[in-house]
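All figures in this text were calculated on a predicted structure; none of them were measured in a lab.
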Amino acid sequence: MGSYTTSSSSYDESKLLLFRQLFEKDSSTYTYLLADLSHPDKPALLIDPVDKTVDRDLTLINDLGLKLIYAINTHVHADHVTGTGLLKTRAPGVKSVISKASCSKADIFVNHGDKLVFGHLCLEVRATPGHTLGCVTYVTGDAPNHPKTRMAFTGDALLIRGCGRTDFQGGSSDQLYESVHSQIFTLPADTLIYPAHDYRGFAVSTVGEEKQYNPRLTKDKETFKGIMANLNLPYPKMIDVAVPANMVCGLQDLPSNA
């Protein structure tokens, strides 16, 4: 199955927000394109872009007549190299964004409670550490001009019927449990969950579904910690390449004048 573009019919059909969900097959990574169509510049942002699909993403942005202003990461990924650095070299004026807690390089560092504005729309930043120290979730705003059904881009903190591992990059199962329950599960039940990855063919869930059916995070905290401690997952095959690259916006192998 190759890389593909999908648009979800589940979110509110707002005339303001353009939304596309994109997929990178090798790392099973979702990239999300959001734009404000009501603004004259049609400002856009990408969440969790991948280096291998930068050409695809820029072609789509050009086809749709959008102006890319932000390239955002939910955290320092260990399974692929981010496309943020390459996007900056290919699309003048693009700013890379990541949490300050990630301790990596970017143009803009965000903290819990910040808002990232694009046109008349915004994403709210919620700190959701546990998979890594610097994980954040980006949530669409609740103002009248935003989609009525909110959208949460959860990175690896909350996956569909799962969650990110907690055994490297400063991960903590205790912290992840608290993050999800306090920052994601407190959102309205119909909030749409868009994770950074899926390995079983799912594209979207809701807060209500995950609170009821997530096989890990529906348990009490001690049971959850026991589950996470006994996953026995293999060492991530890309981690030794991806993490050093992603600490410098994915540009560690490019010439210094790039």
Side-chain angles (χ1 to χ4, degrees), residues 21 23-32 47-52 72-84 98-104 112 125-138 152-185 193-205 207 209-247 250:
Q21 182 181 45
F23 189 72
E24 194 284 307
K25 61 174 180 141
D26 292 335
S27 61
S28 297
T29 298
Y30 283 124
T31 296
Y32 299 98
I47 300 174
D48 288 334
V50 180
D51 62 342
K52 294 180 180 180
I72 304 171
N73 280 302
T74 53
H75 64 291
V76 174
H77 298 274
D79 51 13
H80 68 269
V81 175
T82 180
T84 53
I98 201 165
S99 72
K100 185 176 182 180
S102 70
C103 299
S104 60
H112 181 79
V125 180
R126 295 192 173 209
T128 48
H131 171 61
T132 73
L133 284 171
C135 287
V136 295
T137 292
Y138 298 100
F153 301 93
T154 56
D156 287 19
L158 178 62
L159 305 179
I160 298 172
R161 307 299 192 266
C163 63
R165 63 195 293 176
T166 58
D167 58 335
F168 61 84
Q169 290 181 270
S172 162
S173 57
D174 187 282
Q175 194 173 43
L176 180 59
Y177 189 92
E178 290 296 329
S179 292
V180 171
H181 280 264
S182 66
Q183 299 302 323
I184 301 175
F185 282 179
I193 299 296
Y194 289 105
H197 303 282
D198 189 82
Y199 309 99
R200 296 177 294 171
F202 294 112
V204 61
S205 184
V207 166
E209 280 186 41
E210 295 308 311
K211 288 174 71 173
Q212 185 172 358
Y213 299 118
N214 192 293
R216 298 177 185 176
L217 287 153
T218 51
K219 304 294 192 293
D220 63 80
K221 185 192 288 188
E222 291 308 311
T223 302
F224 173 77
K225 289 165 65 175
I227 291 171
M228 300 305 292
N230 290 283
L231 292 178
N232 298 315
L233 297 172
Y235 188 74
K237 63 181 181 180
M238 278 289 292
I239 189 171
D240 293 329
V241 173
V243 170
N246 293 336
M247 290 297 290

Practice problem: Report yes if the side chains of Thr82 and Val50 come closer than 4.5 Å at any heavy-atom pair, otherwise no. | Solution: no

Practice problem: Look up atom OH in Tyr32 and atom OH in Tyr138, then write down how far apart they are to the nearest 0.5 Å. | Solution: 14.0 Å

Practice problem: Assess whether ring pair (Phe, Tyr, Trp, His ring centres under 6.0 Å) is satisfied between Tyr30 and Tyr194, documenting all intermediate values. | Solution: CA-CA 8 Å; Tyr30 283 124; Tyr194 289 105; 8.3 Å; no

Quiz item: Roughly how far, to the nearest 0.5 Å, is CG of Leu158 from CD of Gln183?
Solution: 13.0 Å

Self-check item: Least distance between heavy atoms, Ala127 atom then Ser179 atom
Solution: O-OG, 4.5 Å

Quiz prompt | Closest contact, heavy atoms only, Thr31 versus Pro49 | solution = OG1-CA, 3.5 Å

Self-check item: Asp198 side chain to Phe202 backbone, donor-acceptor under 3.5 Å
Solution: yes

Exercise. For Ser102 and Ile98, indicate whether the former's side chain and the latter's backbone hold a donor-acceptor pair under 3.5 Å.
Key: no

Quiz item: Given Leu217 and Phe224, is the side chain to side chain contact (heavy atoms under 4.5 Å, CB included) satisfied, shown in steps?
Solution: CA-CA 7 Å; Leu217 287 153; Phe224 173 77; 3.7 Å; yes

Exercise. For Thr29 and Ser27, work out which heavy atoms get closest and say how close.
Key: OG1-OG, 2.6 Å

Quiz item: For the atom pair OG1 (Thr128) and CG (Leu176), what is the distance rounded to the nearest 0.5 Å?
Solution: 8.0 Å

Practice problem: Determine the minimum heavy-atom distance between Ala78 and Pro236, stating which atoms define it. | Solution: O-CB, 4.5 Å

Exercise. Can you see which heavy atom on Val243 is nearest to which on Gln169, and at what distance?
Key: CG2-NE2, 3.8 Å

Quiz item: Just wondering, do Tyr213 and Arg161 contact through their side chains at under 4.5 Å, heavy atoms?
Solution: yes

Self-check item: Pairwise side-chain contact, Asp26 with Glu24, heavy-atom cut-off 4.5 Å (strictly under)
Solution: yes

Quiz item: Do the side chain of Thr223 and the main chain of Lys219 share a donor and acceptor less than 3.5 angstrom apart?
Solution: no

Exercise. Using the side chain to side chain contact (heavy atoms under 4.5 Å, CB included) rule, take Glu178 and Lys221 through it: C-alpha gap first, then chi angles, then the decisive distance, then the call.
Key: CA-CA 8 Å; Glu178 290 296 329; Lys221 185 192 288 188; 2.7 Å; yes

Self-check item: Nearest-0.5 Å distance, NZ of residue Lys211 to CD1 of residue Ile184
Solution: 12.0 Å

Quiz item: NZ of Lys237: more than 12 outside heavy atoms within 6.0 angstrom?
Solution: no

Self-check item: Test item: Gln21 side-chain N/O and Ala203 main-chain N/O as donor-acceptor pair under 3.5 Å
Solution: yes

Quiz item: Which atoms form the tightest heavy-atom contact between Gly226 and Asn230, and what is the distance?
Solution: O-ND2, 2.7 Å

Quiz item: Is the closest side-chain heavy-atom distance between Pro195 and Asp156 below 4.5 Å?
Solution: no

Quiz item: When you look at His197 and Asp79, which way does the side chain to side chain contact (heavy atoms under 4.5 Å, CB included) test go after all the steps?
Solution: CA-CA 10 Å; His197 303 282; Asp79 51 13; 2.9 Å; yes

Quiz item: Backbone N or O of Gly83 within a donor-acceptor pair of the Asn73 side chain at under 3.5 Å?
Solution: no

Quiz item: How long is the span from the SG atom in Cys135 to the NE2 atom in His77, to the nearest 0.5 Å?
Solution: 8.5 Å

Quiz item: Does Thr166 use its side chain to pair, donor to acceptor, with the backbone of Gly171 at less than 3.5 Å?
Solution: no

Quiz item: Can any side-chain N or O of Arg200 pair as donor or acceptor with the backbone N or O of Ile160 at less than 3.5 Å?
Solution: yes

Quiz item: Which is it for Met228 and Cys163 under the side chain to side chain contact (heavy atoms under 4.5 Å, CB included) test, yes or no, and what are the steps along the way?
Solution: CA-CA 9 Å; Met228 300 305 292; Cys163 63; 3.8 Å; yes

Self-check item: Distance in Å, Ile193 CD1 paired with Phe153 CZ, rounded so as to fall on 0.5 Å steps
Solution: 10.0 Å

Quiz prompt | Mutual orientation of the aromatic rings belonging to His131 and His75 [parallel < 30°, tilted 30-60°, perpendicular > 60°] | solution = perpendicular

Quiz item: Given side chains that start at C-beta, do those of Val136 and His112 come closer than 4.5 Å, heavy atoms only?
Solution: no

Quiz item: Between the side chain of Asp48 and the main-chain N/O of Thr74, is any donor-acceptor distance below 3.5 Å?
Solution: yes

